[in-house]
2 protein chains.
Amino acid sequence: MAAKRSSAGSRTSRRTGASRPPAPEPAGEPSLSLERIVAAAVELLDAQGLDGLTMRRLADRLGAGAMSLYWHVGSKGEVLDLALDAVLAYRGAPQTGRARDWRAEVVHMLEDWRACMLRHPWSASLLPRRALGPNILARLELLGETLSRAGVAEADLNAGIWSLWNYVMGATITRGSFDLSDEDRAAAQRRLTELGQHYPTIAGTRLLLDDDWDGAFRKGLDFLLDGIAPGR
Amino acid sequence: MAAKRSSAGSRTSRRTGASRPPAPEPAGEPSLSLERIVAAAVELLDAQGLDGLTMRRLADRLGAGAMSLYWHVGSKGEVLDLALDAVLAYRGAPQTGRARDWRAEVVHMLEDWRACMLRHPWSASLLPRRALGPNILARLELLGETLSRAGVAEADLNAGIWSLWNYVMGATITRGSFDLSDEDRAAAQRRLTELGQHYPTIAGTRLLLDDDWDGAFRKGLDFLLDGIAPGR
DNA sequence: ACCTGAACACCGTTCAAGT
DNA sequence: ACCTGAACACCGTTCAAGT
């Protein structure tokens, strides 16, 4: 009953529905709607990054005047909230016939979460700064439910959920940022090697040149899960 | 020999040194210098946040014209880099007479790291996006050295370091962001309770109202350290 | 109900000068 | 060597109108 609480459906264009026959995409600009705005925002963010999203540019891309957006949306922040939630829906683990390992379930969901954010590199750094939309809450719920089923004590449940959140956020934000500057990373490692006497350990392990991001993510996640539910 | 490679000392005002007697702070504005600029930037960031730092406002606060900064600094990004590094120096653990537990060493350094960033709430979200300065590298080196001493296998060392980095970054960025909006958090939890049938687990554990940030940080860190160096 | 242009109060940075 | 103001090409958002 409390299903359609979000604003997503309330103001969208009904023009094509009621008085006219549902003219099949009349070739011209199909006029504004929340859905179109959010979709265009995601495209623009993917193409140009966080700084690339500008109300003027967004309107341009939609063939509208800059101020037309403000009828559908309260502020630029709202556009960001909606774009973020749009990008984080979870389809769930693939259904094998058999009941799934709790650990496989958690790993699958978190790797998918990370993958979603890396596909939209602006999203990771944005997520901790904005309100938690329904898609994010659903992921947290799945996490809590699965850990609980795995036997994590009630008193440890919140700490377990947040530690996984923290790990995934930190890993993805870092990965997304460093990705932009392979050049800088190599330069940093070069400087680090020059200064070998100051940083012998991490110069030796070539910390800044380690390229196996996916493997390192999985490995750290295993460390953490080992600690959260030891011996399972 | 490669010690003073950073730009920090190269262009600073020598006015008070050579031709004049070292006039003891002549009451007027002491003119610009990299040090003064960085110090003012940190103050401004602390007071107004990331969006509050503006080249014009920064110059204003220093009693200079807006463009004067650009003689000392290449861009706004450079100001951010320097402010960030200035804020992350590590004094090391307090020296007790006895050799320190490796685990206590790691926990101390990471809790201090987190505390530094929370004292300057703009810093956490900035750190993963910018180059790694010497203070940050020194912390990573300490981490690697300590884990290695604790017996973590060479092959696991980078993964161990990065997983701790990820955890600390995620935790601190999240903490710093949520701090700004207790109101929103309460509202989110209220909505979450209303929608109890959709999110029964995290509604039950009151995930969004959990206020013991320090305790949760420590608990998650213990999970992770248990996984990185099991049984020590 | 939906969209618009002009205007306001800002940005970071380039440039040609000043001292 | 150090600092400056004017100017350029932008921002998000308010407002008073248009249809």
Side-chain angles (χ1 to χ4, degrees), chain A residues 7 9-20 23 26 28-38 40-41 44-45 48-83 122 126 129-130, chain B residues 7 9-20 23 26 28-38 40-41 44-45 48-83 122 126 129-130:
Chain A
S7 60
S10 64
R11 274 170 166 181
T12 56
S13 145
R14 263 173 311 244
R15 277 171 56 274
T16 54
S19 53
R20 289 185 192 215
E29 302 295 338
S31 121
L32 257 27
S33 76
L34 239 204
E35 283 88 354
R36 283 198 73 219
I37 291 174
V38 172
L44 193 51
L45 286 162
Q48 319 253 31
L50 207 49
D51 291 343
L53 182 72
T54 274
M55 293 304 266
R56 294 174 216 254
R57 272 208 276 262
L58 182 55
D60 241 44
R61 177 177 282 247
L62 290 161
M67 293 316 299
S68 309
L69 302 174
Y70 283 88
W71 194 85
H72 300 269
V73 126
S75 70
K76 183 182 175 181
E78 205 175 312
V79 177
L80 288 174
D81 286 339
L82 292 166
W122 45 274
L126 206 57
R129 285 187 276 158
R130 312 224 57 105
Chain B
S7 62
S10 64
R11 275 168 163 181
T12 55
S13 146
R14 264 173 312 245
R15 275 171 56 273
T16 56
S19 54
R20 289 184 191 213
E29 302 294 338
S31 117
L32 257 26
S33 76
L34 240 207
E35 284 86 355
R36 283 198 72 219
I37 291 173
V38 173
L44 192 51
L45 285 162
Q48 316 253 31
L50 207 45
D51 290 343
L53 181 71
T54 274
M55 293 304 265
R56 295 173 214 255
R57 271 207 277 259
L58 181 54
D60 240 43
R61 177 177 283 245
L62 289 161
M67 296 314 302
S68 310
L69 302 174
Y70 283 88
W71 194 86
H72 301 267
V73 126
S75 69
K76 185 182 173 181
E78 206 175 311
V79 177
L80 288 174
D81 286 339
L82 293 167
W122 45 275
L126 208 56
R129 285 186 276 159
R130 312 224 56 105

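Residue numbers start from 1 in every chain, and the chains themselves are labelled A, B, ... in the order their sequence lines are given, proteins ahead of strands. Treat the numbers as computed from the prediction; the structure is a model and nothing was measured.
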Would you write out the dot-bracket form of DNA chain D, 5' to 3', with Watson-Crick and G-U pairs under 3.5 Å, [ ] for crossing pairs, | for pairs to other strands and . for unpaired bases?
-> ||.|||||...|||||.||
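- When the P atom of C/dC3 is taken as reference, atom CG of A/Asp60 falls 16 Å away, rounded to whole Å.
- Residues A/Ala59 and A/Gly65 come closest through the heavy atom pair CB-O, 3.4 Å.
- Separation of atoms CG (A/Leu82) and NE2 (A/His72) is listed at 13.0 Å; rounding is to 0.5 Å.
- Atom CG in B/Leu45 sits 8.5 Å away from atom CG in B/Leu58 (nearest 0.5 Å).
- Distance check, rounded to the nearest 0.5 Å: OG of A/Ser75 to CG of A/Asp81 gives 7.5 Å.
- The phosphate of D/dA1 (OP1 or OP2) has no side-chain N or O of B/His72 nearer than 4.0 angstrom.
- At whole-Å resolution of the value, CG in B/Leu34 and C1' in D/dC2 are 14 Å apart.
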Detail all sub-3.5 Å separations between protein N/O atoms and N/O atoms belonging to nucleotides 8-11 of chain D.
residue, atom, partner, partner atom, Å
D/dC11, OP1, A/Arg57, NH1, 3.4
D/dC11, O5', A/Thr54, OG1, 3.4
D/dC11, N3, A/Arg56, NH2, 3.4
D/dC11, N4, A/Arg56, NH2, 3.3

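- Of the C1' atoms belonging to C/dA16 and D/dC3, the separation is 13 Å, rounded to the nearest Å.
- Considering every non-hydrogen atom in both B/Asp51 and B/Thr54, the closest pair reads O-OG1, 4.2 Å.
- For the pair A/Met67 CE and C/dA7 C1', the interatomic distance rounds to 11 Å; values are reported in whole Å.
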Protein-nucleotides 16-19 of chain C N/O pairs closer than 3.5 Å?
none

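- A close approach under 4.0 Å does not occur between any side-chain nitrogen or oxygen of A/Ser75 and OP1 or OP2 of D/dG12.
- Between A/Leu58 atom CG and C/dT4 atom P the separation is 13 Å, expressed in whole Å.
- The distance between atom CH2 of B/Trp71 and atom P of C/dC15, rounded to the nearest whole Å, is 19 Å.
- Atoms OH (A/Tyr70) and P (D/dC15) sit 13 Å apart, rounded to a whole Å.
- Closest non-hydrogen pair, A/Leu62 versus A/Ala40, comes out as CD2-CB, 3.7 Å.
- A distance of 5.0 Å separates NZ of B/Lys76 from CG of B/Leu53, quoted to the nearest 0.5 Å.
- Side-chain contact between A/Leu50 and A/Leu80 is present, with heavy atoms from C-beta onward closer than 4.5 Å.
- To the nearest 0.5 angstrom, A/Leu69 atom CG is 11.0 Å from A/Arg56 atom CZ.
- For the P atoms, the distance linking D/dA9 with C/dA9 amounts to 22 Å, nearest Å.
- Separating the CG atom of B/Leu69 from the P atom of D/dT4 is a distance of 9 Å, rounded to the nearest angstrom.
- Listed candidates were C/dT4, D/dT13, D/dT4. Nearest to the side chain of B/Ala64 is D/dT4.
- Here CG of B/Leu44 is found 5.0 Å from CZ of B/Arg61. Values are rounded to the nearest 0.5 Å.
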